[in-house]
Amino acid sequence: VEKRCSTLEEENHEDFLIDRRSTDGGIDFFLSTEHMSQHVMDTVRKEFDVDIDRSYKPIGHRKDEPVVQNTVVVRVQSN
């Protein structure tokens, strides 16, 4: 995941890895754009059996436009 993020960062400066946190269930990656998250999901999906869950949550307004937090959970299935 980090290697794919690095490649995307080089291609588009709006795409960047915001944070990486270890959790009891694995590792959480916080990505800057929907574009980046889609590319990372596609890469992970090719290599692993995964379940993907998306959710959208309004978190405020900027210049009278709604700001939405997009959360994508990618869970790798264990064999």
Side-chain angles (χ1 to χ4, degrees):
V1 170
E2 290 177 353
K3 183 176 180 181
R4 183 66 175 133
C5 288
S6 179
T7 300
L8 290 167
E9 289 173 0
E10 292 172 9
E11 295 172 2
N12 180 359
H13 295 293
E14 291 181 4
D15 292 338
F16 54 92
L17 177 61
I18 296 171
D19 196 6
R20 175 185 180 275
R21 297 181 193 160
S22 294
T23 67
D24 289 338
I27 302 171
D28 291 343
F29 292 90
F30 297 83
L31 309 175
S32 63
T33 66
E34 172 78 19
H35 169 265
M36 185 176 201
S37 107
Q38 187 63 51
H39 282 279
V40 170
M41 280 190 306
D42 291 344
T43 299
V44 171
R45 190 181 285 138
K46 288 177 187 175
E47 296 185 30
F48 302 100
D49 181 20
V50 297
D51 287 332
I52 296 175
D53 184 29
R54 291 174 163 246
S55 65
Y56 300 89
K57 177 175 128 183
I59 59 171
H61 286 80
R62 184 181 316 138
K63 296 182 182 178
D64 295 326
E65 293 291 324
V67 176
V68 178
Q69 175 180 314
N70 173 16
T71 302
V72 180
V73 177
V74 179
R75 176 155 297 144
V76 177
Q77 297 299 308
S78 60
N79 294 331

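Predicted model, so just to flag it, every value in this text is computed and none were measured. FYI, the numbering just counts along the sequence from 1. Side chains included, hydrogens not; waters and symmetry mates left out as well; all remaining heavy atoms used.
- Residues Phe48 and Val1 share a single hydrophobic cluster, defined by chaining ILVMFWY side chains whose heavy atoms lie under 4.5 Å apart.
- Contact check for Leu31 versus Leu17: side-chain heavy atoms found under the 4.5 Å cut-off.
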Verdict with reasoning, Asp53 to Val72, per side chain to side chain contact (heavy atoms under 4.5 Å, CB included):
CA-CA 6 Å; Asp53 184 29; Val72 180; over 6 Å; no
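- Rounding to the nearest 0.5 Å places CZ of Arg54 at 10.5 Å from OG1 of Thr71.
- A continuous path of ILVMFWY side-chain contacts below 4.5 Å connects Ile27 to Met41, so both sit in one hydrophobic cluster.
- Taking both residues in full, the closest heavy atoms of Val50 and Arg45 are given as CG2-CA, 4.1 Å, listed atom of the first, atom of the second, then distance.
- Note: the hydrophobic cluster containing Val40 also contains Ile52 (ILVMFWY, side chain heavy atoms under 4.5 Å, direct or indirect links).
- At distances below 3.5 Å, at least one donor-acceptor pair connects side-chain atoms of Ser32 with backbone N or O atoms of Glu14.
- Listed here is the closest heavy atom pair of His13 and Phe16: O-CD2, 4.0 Å.
- For the atom pair CZ of Phe29 and CG of Asp19, the computed distance is 10.0 Å after rounding to the nearest 0.5 Å.
- Considering NE2 of His39 and OG1 of Thr33, their distance stands at 8.5 Å, rounded to 0.5 Å.
- In this structure, the separation between CG on Asp15 and OG on Ser6 is 12.0 Å, given to the nearest 0.5 Å.
- Taking OG of Ser55 as the start and CD of Gln69 as the end, the distance is 7.5 Å to the nearest 0.5 Å.
- We find the CG-NE2 distance between Leu8 and His35 to be 6.5 Å, quoted to the nearest 0.5 Å.
- A pairwise comparison of heavy atoms in Arg4 and Thr43 identifies NE-OG1, 3.1 Å as the closest pair.
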